[in-house]
Amino acid sequence: MQAVGCAEAGYRFKLIKELRKRASNFQKDEVVYVSLGDGTTSEGEFWEALNTACNLKLPVLFLLEDNGYAISVPVEVQTAGGDVSRLIKSFPNLYLQRCDGTDALESFEVMRRAVQYCREGKGPSFVHAKVIRPYAHSFSDDERLYRPDEERMADAERDPVRRFGALLIDEAVIDQDGLQKIKDEVDASVNEATDQALVSPQPDPETVKLYVYSPDVDPAAKEFDTEESAQLSGNAGTMVDLINRCLHTEMARDPRIIVFGEDVADCSREQFLEQVKGKGGVFKVTANLQRKFGSGRVFNSPLAEANIVGRAIGMATRGLKPVVEIQFFDYIWPAMHQIRNELAILRWRSSGECKAPVVIRVPVGGYLKGGAVYHSQSGVSTFTQIPGLRVIYPSNALDANGLLRTAIRADDPVLFLEHKHLYRQAYNKSPYPPDDFMVPFGKAKTVREGNDLSIITYGALVQRSLVAARQAEQQGISVEVVDLRSLQPYDWNAIGATVKKTNKVIVAHEDSLSFGYGAEIAARISAELFEHLDAPVRRVAALDTFVAYAPQLEDAILPQVADVLKAISELNSY
C-alpha cells in the first residue's frame, strides 16, 4: 500500500496546480518498485494495493519472487489454484508477465518491458518470477522437516549464481579461472564487511528514545498556543461546523493537504456535482471541500481502511500532507497493521530519515441510541499505548478547531478522535476563531473550578461530569472538572495541580473500566501523588461489555450523569 501511495503522490502533484512547480523530487517517468513473496499475496493489503494501482493506472512495478513457500506453507495452500497470476490476470490496466527468476537474461528482459509499460503511463506492471529458496527461511527454521531431499536438490540445480556463471563461460565472456577470481573477490568483500560490522560499537542506550516523535516540531510548544488571545466572531457553530472550517482554511493555506477516505467527497462523478447537494462525509464534516479544492485534493477511497492509511503513509513520505478519514472508529481495525507497524514506527526505525505526518480523523463513541456494537466503540487505550502516535480527543467545537489545526501543522502522525454524539450538540457550540487559532497538544483545560474533589475526563464525559458537578453543588459538594483534550501526550502538570488542590479524584471516561485509559491515569496518580490523596482514586467508566442496540441497555452500559454523581457523593464522604 505504501508503494502505491508513493506512486500516487506523483500523480497528485501533477493534478494540483499549486504544486506543479514544487515537485522537484518527482520525475515525469518515475516508477515505484515493490517486491513481495508468494506468502504476501495472501494478505488483504496486496489486493487493496493492486486495486488502487490499477484503478488509477499508477506506475508501480510489483515483482513477485515466488519460491513456492511461505516459511513451511506451500503455495498451493496459500493460494487457490497455487498460482496468483491466474487470479489477478483480469485486473484492468495491469501488465502481467511471468518469467524464470533464476534466468538472469530472461529476468532482465521481462523487467525492462515492465518498467517501460509503467513509464508510458499505461498502468502498473506485475512480474511473477519463479525463483528458488536455496536454504531455510531463517536460522530457527529447519526446512528438512517439511521439504524432501529431491525438492531441495532440484532447487540447487536452478541456482541462479551457478546458472549465470555457466552461461558466461559458455558464451566465452569469461573462463573458469576468471569466474573463480570474481567469486574470491566477492567473498573477500563480504568477509571484510562482516569483520567491520562485528567490531563496530553497539548503539548507545541513550539513543533508544530518539525519533519516536519529531525532533523538529513540538506540538506542545508555545507557538501552537493561541487560544488565550483568540478573538471569536460570527454565529455559534457546531463541532462539525468548526472542524469543516478548519479543513477549509488549512487547505487554502497549504496545497499539500489532501483529504480522502470513504464518502468524504461531495460527488465522485464530477459531471453530477452541479445537480446534487453532495455527500461530504456521513456526518457532513468534509462538505464542500471537493467543490472548493477539486477532486485532485479531495476524493473517495475504496471501503478499505488499510488502503486508506497505507496510501497516506506513502504520500506523506513524499511531501504531501494527507488528512484521511476512517468512517467509524469501529472500522479502524483492518488498518491496525498500517497504523501500529508502519505509520507510528517509521521515523524511529529509519533513525529520522523518513517520516509520515498523517492525520487520521475518526468519528468515535456511543450515546447514539442505536449505534450498537459496530458504531459505538471507544477503545482509545489501544492507540494511546503506541509510541510515535499522537492521540487527540476534543469535547467541544472550539477545541476541535484548534486541536485539528495543530494536528495538521504538526510533524507527527495524529489520531484525531471526534465524538459522534458531540458533533451537533448545542452545549458545545462556539463562534468561529481566527484562521491561526491553535490549541497545543498536552494542555488540559479546567472547565469548572472546585475545591472538594476533582474529575479528570475527556470526550462525552466532560458534559456529563459538568452536569453531575452542578447537581453535586446542590448537596454542598464543590467539584472541579478537568478536560484532558489531548490523550497522548496528556497534561500531567494539570492533573497534579488539581489533585494537590482537592485531594480527591475521579477519572471518568467512556472506555471500558478494565484496562482502559483511566487505569493509567489512576495508577500514576497513586504512584506519584499518593501523599496528596485523602481517598483512593475512583474510576467511572463503561461496563466491560459491548454497546448494545436497545437504548435502555446502552444507558446501562455507558457511564451516565447518575453514575458520575454517585461516585462524587461516595468519594466526598470517604
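By convention here, the first residue in the shown sequence is residue 1.
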Quick check: does any side chain N or O of [X] sit under 3.5 Å from a backbone N or O of [Y], one acting as donor and the other as acceptor?
{"X": "W492", "Y": "R524", "result": "no"}
{"X": "S381", "Y": "G516", "result": "no"}
{"X": "R119", "Y": "D29", "result": "yes"}
{"X": "E106", "Y": "D100", "result": "yes"}
{"X": "R297", "Y": "I257", "result": "yes"}
{"X": "K321", "Y": "I408", "result": "yes"}
{"X": "H128", "Y": "L64", "result": "no"}

| task | Test side chain to side chain donor-acceptor pair (under 3.5 Å) on Y117 and R112 and set out the steps. | result | CA-CA 9 Å; Y117 181 85; R112 186 192 64 78; over 6 Å; no
| task | Not counting sequence neighbours, list each pair that qualifies as a side-chain hydrogen bond (donor to acceptor under 3.5 Å, both in side chains) and has a residue in residues 195-222. | result |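 Listed once each, the pairs are S214-D411.
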| Over 12 foreign heavy atoms within 6.0 Å of CH2, W348 |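 At most 12 heavy atoms, drawn from other residues, nucleotides or ligands, come within 6.0 Å of this atom.
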| So how far is it from W47 CH2 to F91 CZ, rounded to the nearest 0.5 Å? | 5.5 Å
| message | Among R133, R147, K130, which residue satisfies the salt bridge (Lys or Arg N to Asp or Glu O under 4.0 Å) criterion with D155? | response | R147
| field | Cation-pi check, R12 onto F299 ring (under 6.0 Å, within 45° of axis) | value | yes
| field | Aromatic F224 / basic R409 pairing, under 6.0 angstrom, 45° off normal | value |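 Judged by the rule, R409 and F224 form no cation-pi pair.
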| Using 30° and 60° as the class limits, which term best fits the ring planes of Y146 and Y69: parallel, tilted or perpendicular? | tilted
| Do the rings of F62 and F46 sit parallel, tilted or perpendicular, given the 30° and 60° boundaries? |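 If you compare the ring of F62 with that of F46, the planes turn out perpendicular.
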So, are [X] and [Y] salt-bridged, with charged N and O less than 4.0 Å apart?
{"X": "E30", "Y": "R318", "result": "yes"}
{"X": "D483", "Y": "R485", "result": "no"}
{"X": "R253", "Y": "D435", "result": "no"}

Below 3.5 Å, can you tabulate the donor-acceptor pairs from side chains in residues 323-341 to any protein atom, sequence neighbours excluded?
from : atom 1 : to   : atom 2 : distance (Å)
E325 : OE1    : R361 : NH1    : 2.8
E325 : OE1    : R361 : NH2    : 3.4
Q327 : NE2    : E262 : O      : 3.4
Q327 : NE2    : D263 : OD2    : 2.8
D330 : OD2    : H375 : N      : 3.0
D330 : OD2    : S376 : N      : 2.9
D330 : OD2    : Q377 : N      : 3.0
Y331 : OH     : H375 : NE2    : 2.9
W333 : NE1    : Q377 : OE1    : 3.2
H337 : ND1    : N341 : ND2    : 3.2
Q338 : OE1    : Q2   : NE2    : 3.3

| query | Closest approach of L94 and C54, non-hydrogen atoms and distance? | reply | CB-SG, 3.7 Å
| task | Just do the side chain to side chain donor-acceptor pair (under 3.5 Å) check on T52 and N307 with the steps written out, would you? | result | CA-CA 8 Å; T52 294; N307 175 286; 2.8 Å; yes
| Looking only at side chains, do S512 and S514 share a donor and an acceptor under 3.5 Å apart? | no
